Visitor: 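The structure that follows is given in the form of structure tokens.
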Amino acid sequence: MLREIVKKGDEVLNKKCHAVTKFDDKLHTLLDDMADTLRDADGVGLAAPQVGILRQVVLVINENDEIIELINPEIIKTSGEQFGLEGCLSVPGRYGFVKRPMVVRVRAQDRYGNTFEVEDEGLTARCFCHEIDHLSGHLFDELVDRTYTVEEIEQMEEEGREVEE
Ligand code: CO
């Protein structure tokens, strides 16, 4: 079932999420609904506060188009650096250039409470960082001096302008 995506300005996006302690049907319904909502919105990641739920639950779609469910996730290792465009389903139409680690390793629990680790790089690593930031009430636009519209980005690309770091 689709859930409504909360937009920037709603204070639920700025609150800290609680840890999940019950790995029950209610959690599974939330995860399934978040997956439907993420696919419908054509995004690559979604955090529970974006559907108004203050729980430490995150979905990330990796480069193989697989949904990774991360419950109570924490970043345990990072390396390298990347600088690139980032957006958010809760900040529609705005994009910013954000510095993130190139490789990110996450420890989390699955929907049944089993602990596992996952490591990825590039866009998926960026997505791990972005989504996990949501759980502490942070949005990507706090990390940039300014955001850009799609038109502005296309303009920059046309001009072949290098984006300043
Ligand atoms: Co986001």
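Numbering starts at 1 and runs along the sequence shown. Numbering of ligands and ligand atoms starts at 1, following listing order. From a predicted model like this one, the values you see are computed outputs, not experimental measurements.
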Visitor: Start with the C-alpha distance between Y95 and F140, add both sets of side-chain angles, then the distance that settles ring-ring contact (aromatic ring centres under 6.0 Å, His included), and finish with yes or no.
Guide: CA-CA 9 Å; Y95 301 87; F140 82 96; 7.7 Å; no
Visitor: Is it true that D32 and R111 make a salt bridge, defined as a side-chain N closer than 4.0 Å to a carboxylate O?
Guide: yes
Visitor: Check the side chains of E159 and Q155 for a donor-acceptor pair under 3.5 angstrom, ignoring hydrogens and angles.
Guide: yes
Visitor: Going by heavy atoms in the side chains, are D141 and V98 under 4.5 Å from each other?
Guide: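 Not touching, per the 4.5 Å side-chain cut-off.
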Visitor: With a 4.0 Å cut-off on N to O distance, would you call E81 and R100 a salt bridge?
Guide: no
Visitor: May I ask you to list the protein N, O or S atoms found at less than 2.8 Å from the Co ion (ligand 1)?
Guide: C88 SG, H130 NE2, H134 NE2
Visitor: So, H18 and Q56: side-chain donor and acceptor under 3.5 Å apart, yes or no?
Guide: no
